[in-house]
Amino acid sequence: MARRRIIAGNWKMNMTPSQAVELCATLKDLVKNDAVDVVYCVPAIDIVPVAEAIKGTNVNLGAENFYIEDKGAFTGEISAPMLKDAGVKYIIIGHSERRDIFGENDILINQKVKKAFASGLTPILCCGESLALREAGTYTEWIKRQISWDLEGVTADQVKELVIAYEPIWAIGTGKTATADQAQEVCKLIRDHIAEMYDAATAEAVRIQYGGSMNAAELLSKPDIDGGLIGGASLKADFGQIVNA
Ligand code: PEP
């Protein structure tokens, strides 16, 4: 069965609520494509206005972060039931900025993946290596280890619904892109690893995105790349070109 392409924008800490609504209006016609799952992953404060702004369009709503408890004394946090109730479908987990700047480790990331599934949200689970690991040649072991840790206790049926984003850290926001062959190599490695951890049907179903200064058309032509997680370019009309690449 062919996997459905998924192009997700990661807005990061950009767009005030009014700018967010304006961006939705700018992109509305540019991202029309019923053959692709289009997702805007937006800052928490933009979730409610963006949910309203994308009503009746083909765009799905995503979030960038949440905490693993349902409610309570966790000042500053937002829960999975809150996201779900606001219309969120996808949630980015394990982005390198959350790992590196906010100290999220694989134990917490694994808890988040399980909590997201339990709450009816679809994780976009990010993995990827630093430049040092790439140059040392140990990046394949590193990525397999991240995937094993982050999916500990996650069922095959859940993994069939999962989205994995391969984002080499050295290509995020740097303008440096992995070549299509480099990206394909790792996306295939991830799929093969899922086959080893689960089975061939699960590996065939899981969707794997590439992310990092994305050069869409060439990357998306590769057999194991099912879409993109897009940072900077998701805030501009360029996002429409990626959706329709
Ligand atoms: C990202 O951080 O998810 C990303 C892919 O960023 P950029 O496209 O800006 O490199």
Side-chain angles (χ1 to χ4, degrees), residues 5-15 19-20 23 27 30-31 36-44 46-47 50 59-66 88-104 109 112-113 116 121-131 133-134 139 142-143 146-147 150 162-180 182-187 190 207-220 222 224-245:
R5 185 174 287 184
I6 175 164
I7 304 290
N10 174 10
W11 289 10
K12 307 194 182 187
M13 197 173 73
N14 295 295
M15 299 288 138
Q19 288 169 336
L23 181 61
L27 292 178
L30 304 176
V31 299
V36 176
D37 287 337
V38 178
V39 187
Y40 297 164
C41 297
V42 307
D46 295 339
I47 287 171
V50 169
V59 176
N60 297 283
L61 187 55
E64 299 177 17
N65 189 30
F66 75 106
V88 169
K89 188 162 177 208
Y90 293 91
I91 173 76
I92 298 174
I93 300 176
H95 191 280
S96 60
E97 287 154 14
R98 296 230 47 100
R99 293 178 190 259
D100 295 345
I101 303 171
F102 301 101
E104 292 196 10
I109 290 164
K112 286 188 171 192
V113 170
L121 300 170
T122 300
I124 298 177
L125 172 64
C126 302
C127 62
E129 80 283 5
S130 63
L131 187 58
L133 286 172
R134 161 85 30 189
Y139 60 98
W142 171 262
I143 288 160
Q146 279 188 323
I147 297 289
D150 298 347
L162 177 70
V163 180
I164 297 176
Y166 167 55
E167 298 206 309
I169 299 169
W170 48 272
I172 295 182
T174 58
K176 274 192 198 156
T177 317
T179 65
Q182 283 174 322
Q184 163 61 22
E185 182 211 13
V186 178
C187 291
I190 293 169
R207 291 189 291 177
I208 304 176
Q209 298 174 310
Y210 170 77
S213 310
M214 177 119 175
N215 160 9
E218 207 194 343
L219 287 156
L220 292 172
K222 294 293 181 186
D224 287 293
I225 303 178
D226 306 314
L229 181 58
I230 319 297
S234 70
L235 304 171
K236 306 184 270 197
D238 302 23
F239 190 65
Q241 287 163 20
I242 299 173
V243 167
N244 292 295

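Order of appearance sets the numbers: ligands from 1, and atoms from 1 within every ligand. For clarity, every value in this text was computed on a predicted model and none was experimentally measured.
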Taking all atoms of both residues into account, what is the closest heavy-atom pair of [X] and [Y], and its distance?
| X | Y | value |
| --- | --- | --- |
| Arg5 | Arg207 | O-NH1, 4.1 Å |
| Cys127 | Ile164 | SG-CG2, 4.1 Å |
| Ala171 | Tyr210 | CB-OH, 3.7 Å |
| Cys126 | Leu229 | SG-CD2, 3.8 Å |

Atoms in ligand 1 flagged as close to [X], the criterion being non-hydrogen separation under 4.0 Å:
| X | result |
| --- | --- |
| Ala171 | 10 (O) |
| Gly212 | 5 (C), 10 (O) |
| Lys12 | 1 (C), 2 (O), 6 (O) |
| Gly232 | 7 (P), 8 (O), 9 (O) |

- Query: At the 4.0 Å heavy-atom cut-off, does Gly173 count as touching ligand 1?
  - Reply: yes
- Top protein contact for atom 4 (C) of ligand 1, by heavy-atom distance: Gly231 N, 3.5 Å
- Nearest protein heavy atom with distance in Å, relative to atom 3 (O) of ligand 1: Glu167 OE2, 2.7 Å
- With no hydrogens and no angle check, is any side-chain donor or acceptor of Glu104 less than 3.5 Å from a backbone partner on Arg99? no
- Task: Kindly say whether Leu235 contributes a backbone atom to a donor-acceptor pair with the side chain of Trp11 at under 3.5 angstrom?
- Result: no
- Task: Classify the contact between Asn10 and ligand 1 as side chain, backbone, both or neither, using a heavy-atom distance cut-off of under 4.0 Å.
- Result: side chain
- Query: Around Glu218, counting heavy atoms of other residues, nucleotides and ligands shown, do more than 12 lie under 6.0 Å from its CD?
  - Reply: no
- Task: Flag Ile230 as yes when one of its N or O atoms lies below 3.5 Å from any N or O atom of ligand 1, and as no otherwise.
- Result: no
- Item | N or O pair under 3.5 Å between Ile172 and ligand 1 | no
